Amino acid sequence: MEAMPYRLDLERQPFQAPIGEVIRGGEATSTDWRNGLPVLGGAQVIMRELRASDAPSLFALLTTEEVTRFISPPPTTVEGFGKFIAWTLRQRTAGTYACFAVTLKGSDTAIGIFQMREMEPGFATGEWGFAIGSPFWGTGVFQEAAELVLAFAFETVGVHRLEARSAVRNGRGNGALRKLGAVQEGLLRKSFLRNGEYLDQVLYAIVDDDWRFSREMSRPIHASRVH
Ligand SMILES: CC(C)(COP(=O)(O)OP(=O)(O)OC[C@H]1O[C@@H](n2cnc3c(N)ncnc32)[C@H](O)[C@@H]1OP(=O)(O)O)[C@@H](O)C(=O)NCCC(=O)NCCS
């Protein structure tokens, strides 16, 4: 994921599959998200599709040194963010990518992004990544936003395996992924070029069965108890 954000060069010919329901692994998932992302609501966070008007706040919050230290360089202008946002909408229509704006309840300002892209046609394997403005780090916004996006990935898109890459030196990125239950599967040596230096990355994955199991386990037991 480190290399995914803002990469306008990832654009490819759209792989168009029919819009509607698809059956994967015995479960029906929806492809309607290709027409427009759903709004995902949590206790303090609302996740929604990016809009052109998000460019100024994303530029202000996601171009700081502390945010960009371990991710691909973001656009350097508000206009560049505008182009990135337009790109995300085209990719979503093609069904190869989705990018949510992170907003707080009661304020429509975009304070971060969560994005995922397919690694193979049909999105059975995807890769995700995220960036949030540093004033909002350690506030619980990340955890809530991540859980909403995971539910979207596994239940709506039908992802089977969701990968993430994080530079070994990215303490917060690694801590954030681990606390979501992402499993470290490997070390990608010198796999990410940043500021003229090749960095090692950790490869993480969350698979749908594990995600469903952990979600089931975190539900209150008394709800299913029979007396
Ligand atoms: C990654 C990001 C979205 C996470 O949001 P956040 O609000 O910082 O995350 P949280 O504080 O909820 O979780 C980070 C966890 O890592 C832990 N952590 C912080 N520094 C750490 C370090 N050096 N080593 C290990 N863990 C660390 C925190 O204690 C926290 O765990 P806790 O909640 O159990 O205490 C945010 O830091 C960010 O935007 N970073 C810049 C972009 C980026 O690196 N993206 C990641 C790409 S994989």
Side-chain angles (χ1 to χ4, degrees), residues 1-7 10 40 42-48 50 54 57-76 80-81 84 88 97-105 107 109-117 119 125-153 159 161-195 197-206 211 214 218:
M1 165 62 200
E2 301 291 356
M4 182 166 54
Y6 320 117
R7 276 198 46 196
L10 282 177
L40 313 176
Q44 59 170 335
V45 165
I46 304 279
M47 310 289 285
R48 58 155 175 81
L50 287 173
D54 294 326
S57 67
L58 293 179
F59 171 72
L61 287 165
L62 301 188
T63 56
T64 62
E65 211 281 314
E66 53 193 342
V67 170
T68 59
R69 195 174 301 154
F70 299 115
I71 60 176
S72 296
T76 52
F81 268 92
F84 164 69
T88 68
Y97 173 94
C99 187
F100 286 93
V102 183
T103 69
L104 299 178
K105 263 191 180 164
S107 158
T109 304
I111 60 165
I113 60 169
F114 274 65
Q115 52 184 347
M116 48 183 263
R117 66 163 173 156
M119 304 282 283
T125 301
E127 182 186 16
W128 71 325
F130 28 75
I132 293 175
S134 58
F136 305 94
W137 292 3
T139 61
V141 164
F142 166 76
Q143 177 93 25
E144 198 180 305
E147 284 171 6
L148 292 167
V149 173
L150 286 173
F152 170 77
V159 172
R161 171 187 162 82
L162 192 61
E163 297 184 356
R165 286 160 179 71
S166 177
V168 170
R169 288 187 208 158
N170 187 354
R172 290 203 87 88
N174 288 294
L177 283 159
R178 284 199 195 106
K179 77 178 187 182
L180 293 177
V183 175
Q184 178 172 336
E185 295 187 340
L187 180 69
L188 308 172
R189 293 180 305 148
K190 300 200 182 300
S191 54
F192 177 53
L193 182 61
R194 188 75 181 97
N195 291 329
E197 183 187 6
Y198 280 103
L199 303 180
D200 293 347
Q201 293 182 110
V202 182
L203 172 66
Y204 292 94
I206 301 174
W211 175 78
S214 72
S218 64

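Given the structure is predicted, the values throughout are model-derived calculations rather than measurements. Start at 1 and go down the list; that is how both ligands and their atoms are numbered. Counting from 1, the numbers follow the sequence of the chain as shown.
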Separation of L188 CG from L199 CG (nearest 0.5 Å): 12.0 Å

Any N or O of Q143 closer than 3.5 Å to N or O of ligand 1: no

Those atoms of ligand 1 less than 4.0 Å from some heavy atom in N170: 43 (C), 44 (O), 46 (C)

Donor-acceptor contact below 3.5 Å, side chain S166 vs main chain V202: no

G138 near ligand 1 by a heavy-atom separation under 4.0 Å: yes

Numbering as shown, the atoms of ligand 1 that approach V67 to under 4.0 Å (heavy-atom distance): 41 (C), 42 (C)

Nearest candidate to atom 31 (O) of ligand 1, where distance is taken over non-hydrogen atoms, out of R169, K179, R172: K179

Any N or O of T139 closer than 3.5 Å to N or O of ligand 1: no

Nearest heavy atoms of N174 and A167, plus distance in Å: ND2-O, 2.9 Å

Exam field: side chain R165 to backbone G129, donor-acceptor pair closer than 3.5 Å: no

Mutual orientation of the aromatic rings belonging to F114 and F130 [parallel < 30°, tilted 30-60°, perpendicular > 60°]: tilted

Any donor-acceptor N/O pair, T125 side chain to R161 backbone, under 3.5 Å: no

Whether N174 lies under 4.0 Å from ligand 1, heavy atom: no

I111 CD1 to I132 CD1 distance, which is reported to the nearest 0.5 Å: 6.0 Å

Among Y204, W137, F70, closest by any non-hydrogen atom to atom 36 (C) of ligand 1: W137

Polar contact flag for E66 and ligand 1 (N/O pairs, less than 3.5 Å): no

Ligand 1-proximal atoms of F130, by part, heavy-atom distance under 4.0 Å: both

Min heavy-atom dist A131 to ligand 1 below 4.0 Å: yes

Polar proximity ligand 1 side, I132 side, N/O cut 3.5 Å exclusive: yes

Contact partition for V141 relative to ligand 1, non-hydrogen atoms under 4.0 Å: neither

R69, portion touching ligand 1 at heavy-atom distance under 4.0 Å: neither

Under-4.0 Å salt bridge between R169 and E197: yes

Numbering as shown, the atoms of ligand 1 that approach R165 to under 4.0 Å (heavy-atom distance): 48 (S)

Short side-chain to backbone donor-acceptor contact, E144 and Q44, under 3.5 Å: yes

N/O donor-acceptor pair under 3.5 Å between R48 side chain and A101 backbone: no

Distance filter under 4.0 Å to A176 heavy atoms, resulting ligand 1 atoms: 4 (C), 14 (C), 15 (C), 16 (O)

Sub-4.0 Å heavy-atom approach of R178 to ligand 1: no

N/O donor-acceptor pair under 3.5 Å between S107 side chain and L104 backbone: no

